[in-house]
Amino acid sequence: MFEHFTTPEQIFLYKLGMALAMEYEAMELHTDLDNAAMGGGVKDLVLAQAKENRGHVGMLKECFELLGREAHQFSSPTSKALGREARSFIGKVSSPLVDEVVLTSLLEARHHECGVYESLAIHARAEGVPGVAGLLEQCLREEQDAIGAIRSAVAESAIAASAAAGTAPPTQ
Ligand SMILES: [Fe+2]
């Protein structure tokens with residue numbers, strides 16, 4: 001689409017396209033994390049995240065529509081790298097530790113998505129496109145809420161794994 005950016009709008013549209021690619025990458029990652037997850041609770045969390053991500057794809061497409069542009073994707077190298085790292089890591093850990101890797105992979109991916117939505121929302125607000133900014137802010141809030149839920153699950157899983165391994169710190 002652009003070979004060289006000369007306006008903030010071009011940068012915004014490019015980043016919006018990267019965000020769409022990021023969400024599609026996340027969908028693929030969720031499928032793999034769901035297949036890898038061992039515990040029912042972790043699987044449920046992954047599926048809930050996957051459902052929310054499909055909503056984000058819809059909201060990003062709506063942003064393009066509001067801007068009068070065709071929805072498009074631009075490759076997101078960071079999302080691809082996060083996915084590769086998660087798949088590789090899962091392949092390297094023994095079964096009782098897989099869920100911890102699934103959860104931390106989810107947490108890391110969500111933090112990346114938060115950063116992307118935060119900068120897009122700030123830009124949309126500054127550019128005076130409140131409908132688009134509102135959708136991006138909604139995505140950001142959902143990513144932040146998801147981080148809270150995943151963080152609790154990571155903490156529970158880490159405590160359980162430490163206790164099982166006999167490395168938990170002594171309680172006072
Ligand atoms: Fe998302």
Side-chain angles (χ1 to χ4, degrees), residues 1 9-37 39-67 69-90 98-127 129-157:
M1 189 179 181
E9 189 198 13
Q10 288 175 342
I11 294 174
F12 179 77
L13 287 170
Y14 190 81
K15 299 279 274 186
L16 202 59
M18 285 179 80
L20 189 55
M22 170 188 80
E23 292 291 6
Y24 277 118
E25 285 287 340
M27 274 184 181
E28 285 181 29
L29 179 60
H30 287 141
T31 302
D32 292 341
L33 294 180
D34 177 38
N35 289 334
V42 175
K43 270 187 183 294
D44 288 347
L45 188 62
V46 172
L47 290 174
Q49 301 295 308
K51 187 177 173 203
E52 197 171 271
N53 261 67
R54 287 194 290 277
H56 294 167
V57 166
M59 282 192 270
L60 285 170
K61 287 182 174 172
E62 215 180 317
C63 288
F64 281 110
E65 215 175 297
L66 286 170
L67 294 165
R69 302 278 183 157
E70 192 101 2
H72 58 264
Q73 292 183 56
F74 289 113
S75 177
S76 167
T78 306
S79 308
K80 282 184 193 292
L82 283 168
R84 271 200 306 275
E85 184 177 299
R87 291 175 188 102
S88 158
F89 211 162
I90 285 167
V98 164
D99 280 351
E100 204 172 335
V101 176
V102 166
L103 290 169
T104 51
S105 300
L106 264 185
L107 188 63
E108 289 162 16
R110 288 300 197 165
H111 273 286
H112 170 236
E113 291 180 25
C114 259
V116 168
Y117 284 119
E118 190 162 17
S119 57
L120 280 171
I122 289 168
H123 185 91
R125 222 15 107 186
E127 286 288 306
V129 276
V132 173
L135 285 167
L136 295 167
E137 283 159 1
Q138 187 182 333
C139 289
L140 174 60
R141 277 194 303 276
E142 290 180 5
E143 301 292 2
Q144 288 167 333
D145 290 347
I147 283 173
I150 300 164
R151 187 186 287 135
S152 303
V154 170
E156 270 175 41
S157 170

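Only a predicted model underlies this, so the values are computations on that prediction, with no experimental measurement involved. Atoms within a ligand are numbered from 1 in the order they appear, just like the ligands themselves.
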- Note on the structure: In short, Leu66 meets Gly131 closest at the heavy-atom pair CD1-C, 3.9 Å

- Side chain Asp99, main chain Gly39, donor-acceptor under 3.5 Å: yes

- Message: How large, to 10°, is the angle at the Fe ion (ligand 1) when you draw lines to OE1 on Glu23 and to OE2 on Glu143?
- Response: 150°

- Task: Please confirm if an N, O or S atom belonging to Glu113, backbone or side chain, lies less than 2.8 Å from the Fe ion (ligand 1).
- Result: yes

- Which N/O/S atom belongs to His56 and is the closest one to the Fe ion (ligand 1)? ND1

- Task: For Lys15, look at atom NZ and say whether over 12 heavy atoms of other residues, nucleotides or ligands are found less than 6.0 Å away.
- Result: no

- Message: So that I can check it, does any N, O or S atom in Glu52 come closer than 2.8 Å to the Fe ion (ligand 1)?
- Response: no

- Task: Provide the closest heavy-atom pair for Leu103 versus Ala153 in the form atom of the first, atom of the second, distance.
- Result: CD1-O, 3.7 Å

- Item | Distance in Å, Glu143 CD paired with Gln49 CD, rounded so as to fall on 0.5 Å steps | 8.0 Å

- Query: With a cut-off of 2.8 Å, does Cys139 place any N/O/S atom under that distance from the Fe ion (ligand 1)?
  - Reply: no

